[in-house]
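Naming: A, B, ... by sequence-line order, numbering from 1 per chain. These figures come from a predicted structure and were not determined experimentally.
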There are 2 protein chains.
Amino acid sequence: MKIDPDNRADLSAQIAEAIREEIVAGRLIVDERLPSEAELADHFAVSRPTVREALKRLAAQSLIRTARGAFGGAFVNRLSYPEAYGQHITTSTLLLSMNSVSFDVACEARYALERACTPLAALRRSPDTLATMRAEIHRQEQPGLTDEAFCASDVAFHRALVDSAGNPVLSYQLAGAVEAMQPLMNMITFTARSRGAIVGLHTRIADALEGQAAEAAQAALSELEAYTLTLGRDVMAARAQSKG
Amino acid sequence: MKIDPDNRADLSAQIAEAIREEIVAGRLIVDERLPSEAELADHFAVSRPTVREALKRLAAQSLIRTARGAFGGAFVNRLSYPEAYGQHITTSTLLLSMNSVSFDVACEARYALERACTPLAALRRSPDTLATMRAEIHRQEQPGLTDEAFCASDVAFHRALVDSAGNPVLSYQLAGAVEAMQPLMNMITFTARSRGAIVGLHTRIADALEGQAAEAAQAALSELEAYTLTLGRDVMAARAQSKG
DNA sequence: ACGGGCAAATTGTCAGACATTTAAATGTAA
DNA sequence: TTACATTTAAATGTCTGACAATTTGCCCGT
C-alpha cells in the first residue's frame, strides 16, 4: 500500500485511492480494522489531517466507518442495500438534472428497464407487493392529492412493481432509474383526466401481475410509457414556447 | 444553510450534508463557486480543517471540484457520465461482493436488464457498436486467451450490446449490472468447449442485431443466460463440495 | 463477586503557520 | 503600443501541536 511520491495530485486523494484499492481487491475485508490515523500518517509519511481527509473521502462512499474511543478506529464497512440505494439514487438524479437529459431518453430507459422486470414480477409477485400497488392506486384516486404527492405515489407504485420481481440486485439497479425520473415528472401538471388514465393503467398492471399475465402487464406498461411521453412532451413544448 | 448545534454526529458530516442538499435542491448550480474554506469555517463556526473534511467528502462523490490559486476554490461539479459510471460500478461491485449475492440472482438481474435493451439495440445498432462486438468475438476465439482476458472481452461485448440501444441513461444504469458480474464470472474456468458455445451465442446475437431481429437476439440472450447459469452453478457446487 | 473510578487509546476539533499554485495586476522594454 | 517579465494577492494543500470527547479494559475497594 504505497503512494507515488512525484504524483502532483492531492496526497489525501492518493491515500484514499490506495486504501480503496485494497478494499475493492479484497485485501482488506469487511469489519477489518485499519491502522490508526497516527499509524497511517506514519506509514504514508504525511500528517494526520491529510490522513483524515483521505478517510473522510472513503467514509463519504460508505467504504469505511469510524468509531471513537479505545479499540475504536476505522473499519471496512459492509455496504448495505439501503446505503447503496441512497448513493445510486443521488448519483442518478444529479446525472439527469445536470446533463439536460431529455424527458424522452429518461422515459425510454425507465420503461425499458421496468419491462425487463415484468416476467419475473408476474412469476413471483407476493401479496405484500400487490397490496402496496393497490394501496398506491387508491391513494392516486384521491381528488385532493397535490401533483407532487401524486408523483411520489407513482414512484412508490413503480418501486413495488420492481420489487415484485423478488430480485434485490434488480431492485437496486432500477431504483436509480425510477427515482431519478421524479424531478422530471414533477414538472408535469396532472389533470383529473390524465390521473384517471394513469390510474386505469396502473390497475391493469396490478391486475395482470396478480393474474400472472406477463404479456398483459408489459402491454399496459408500454401504453403507460406512451402516455407519459405525450404528457412530458406537452410540458417540454410549452416550456420551449414560453422561452422562445 | 445551517447545522444543528446539538447534533452529536461529526461536524464535517453535517456540513457536507448541508452543502449536498443545496446542490441537490438546485440552490447551488453547476460551476458556481462555493465560499472559500475560511469563509465557510466562519459561517458554520468551525475550524478550517473541519470544513476541509466536509469538502473532501463532497469531492469523493464528485459533487464538487477544487482549484488552487487566485480565483480558485470549490466549485459545484457537473457530474459527467464517466464519473457516474465509475461510482456506480464501484458501488455495485462492492454490494455484490460484500453481501454474498448468489450467482443465480446476479445473473438473472443482468440478463433481464440486457434483454430490456435488445429491442432498442436492434432498432438503432450502429456500425460502430457492431464492429466492437465483432472485434470482441474475434478476440474471444483466440486460443491463447487467459480466462481473465476472456471475461474482460465478454464484458466489453456486453457493453457494446447495451450501448447499441443508443440511450446513455440505459448504458449508465446497466454498466453497474454488467461490470459488477465480472468478479463472479472470473471464478469460472472457461474450457475450449464452453468458450466455443459462448462465442457461438455471441455471434448469433450480433447477427440478429445486425439484421434488426429483436426476437432472435432475445432468444440467443436467453440461451446465453441459461448456459452461463449452468457454468456458474458447476463452479458453486464444486466450491461447496471442497468446503464441506 | 460486583460496582466505581481511573488510565489508555483513538477519533474529533481547534489554532496557527507555512508552502504551493494560479491568475490578475503591474511594471518594463522593444 | 505591444509583448513579456515580475509582483502580488487569494486560495487551497500541508504540517505541527495541542486539547476535547468517547469508549474500553483494568484495578481497586467494598
Side-chain angles (χ1 to χ4, degrees), chain A residues 1-20 22-23 28 31-77, chain B residues 1-20 22-23 28 31-77:
Chain A
M1 198 156 58
K2 285 173 188 169
I3 57 175
D4 182 5
D6 38 292
N7 188 327
R8 286 189 42 208
D10 293 359
L11 290 174
S12 69
Q14 290 182 61
I15 292 168
E17 186 53 35
I19 298 175
R20 171 167 35 247
E22 295 290 307
I23 295 173
L28 284 172
D31 291 336
E32 184 171 343
R33 184 181 177 282
L34 273 65
S36 72
E37 294 175 353
E39 287 170 319
L40 285 172
D42 198 51
H43 174 79
F44 288 113
V46 298
S47 67
R48 218 186 116 207
T50 301
V51 166
R52 281 182 62 79
E53 287 179 9
L55 294 179
K56 294 312 159 200
R57 294 176 115 109
L58 298 173
Q61 298 176 297
S62 302
L63 291 180
I64 63 168
R65 62 176 186 278
T66 55
R68 289 166 77 156
F71 291 77
F75 298 84
V76 178
N77 190 40
Chain B
M1 198 155 60
K2 287 175 187 167
I3 57 176
D4 183 6
D6 36 292
N7 189 327
R8 284 189 43 204
D10 293 358
L11 289 175
S12 69
Q14 289 183 61
I15 292 167
E17 186 53 36
I19 298 175
R20 173 168 31 250
E22 295 290 307
I23 295 173
L28 285 171
D31 291 337
E32 185 171 343
R33 184 179 175 282
L34 272 67
S36 71
E37 294 175 352
E39 287 169 320
L40 285 172
D42 198 52
H43 175 79
F44 289 111
V46 299
S47 67
R48 218 186 116 208
T50 301
V51 166
R52 281 182 62 78
E53 287 178 10
L55 294 178
K56 294 311 160 201
R57 293 175 116 109
L58 298 173
Q61 297 175 298
S62 302
L63 290 180
I64 62 168
R65 60 176 187 279
T66 55
R68 291 169 76 161
F71 292 75
F75 298 84
V76 178
N77 190 39

Distances under 3.5 Å only, N/O to N/O: pair up the protein atoms with those of nucleotides 13-16 of chain D.
| unit_1 | atom_1 | unit_2 | atom_2 | d |
| --- | --- | --- | --- | --- |
| D:dG13 | OP1 | A:D10 | OD2 | 3.2 |
| D:dG13 | OP1 | B:T66 | OG1 | 3.2 |
| D:dG13 | OP2 | B:R52 | NH1 | 2.8 |
| D:dG13 | OP2 | B:R52 | NH2 | 3.2 |
| D:dG13 | OP2 | B:K56 | NZ | 3.0 |
| D:dG13 | N7 | B:R48 | NH2 | 2.8 |
| D:dG13 | O6 | B:R48 | NH1 | 3.4 |
| D:dT14 | OP1 | A:L11 | N | 2.8 |
| D:dC15 | OP2 | A:S47 | N | 2.9 |
| D:dC15 | OP2 | A:S47 | OG | 2.9 |
| D:dC15 | OP2 | A:T50 | OG1 | 2.8 |

Which residues share a side chain to side chain contact (heavy atoms under 4.5 Å, CB included) with B:S36, sequence neighbours left out: B:R33, B:A38, B:E39
Check side-chain hydrogen bond (donor to acceptor under 3.5 Å, both in side chains) between A:E32 and all other residues, then give those that pass, not counting sequence neighbours. none
Go through it in stages, so that I can follow the logic: the residues are A:T50 and A:I15, the test is side chain to side chain contact (heavy atoms under 4.5 Å, CB included), and I'd like the CA-CA distance, side-chain angles, deciding distance and then a yes or no. CA-CA 9 Å; A:T50 301; A:I15 292 168; 4.3 Å; yes
On DNA chain D, nearest-nucleotide positions of B:A74 versus A:G69: which is more 5'? B:A74
Would you indicate what B:R65 reaches in the nucleic acid, counting non-hydrogen atoms under 4.0 angstrom: base, sugar-phosphate, or nothing? nothing
Decide yes or no on side chain to side chain contact (heavy atoms under 4.5 Å, CB included) for B:D10 and A:K56, but give the supporting numbers first. CA-CA 11 Å; B:D10 293 358; A:K56 294 312 159 200; 4.1 Å; yes
For A:R48, the side chain to side chain contact (heavy atoms under 4.5 Å, CB included) test, sequence neighbours excluded, returns A:E37, A:R52
If you walk 5' to 3' along DNA chain C, what is the first nucleotide with an atom under 4.0 Å of a heavy atom in chain A, and what is the last? C:dA8 to C:dT13
Side chain to side chain contact (heavy atoms under 4.5 Å, CB included) filter on B:A41, not counting sequence neighbours, yields B:V51
Who pairs with A:N77 by side-chain hydrogen bond (donor to acceptor under 3.5 Å, both in side chains), at least two apart in sequence or on another chain? A:R65, A:E83
Taking Watson-Crick (N1-N3 plus N6-O4 or O6-N4) and G-U wobble (N1-O2, O6-N3), each under 3.5 Å, can you produce the dot-bracket string of DNA chain D? Use [ ] for crossing pairs and | for inter-strand ones. ||||||||||||||||||||||||||||||
Decide yes or no for B:L63 and B:I19: does some side-chain heavy atom of the first lie under 4.5 Å from some side-chain heavy atom of the second? no
Counting distance only, does the side-chain N/O of B:H43 pair as donor-acceptor with the main-chain N or O of B:M1 below 3.5 Å? yes
Only counting residues at least two apart or in another chain, list the ones meeting side chain to side chain contact (heavy atoms under 4.5 Å, CB included) with A:R68. none
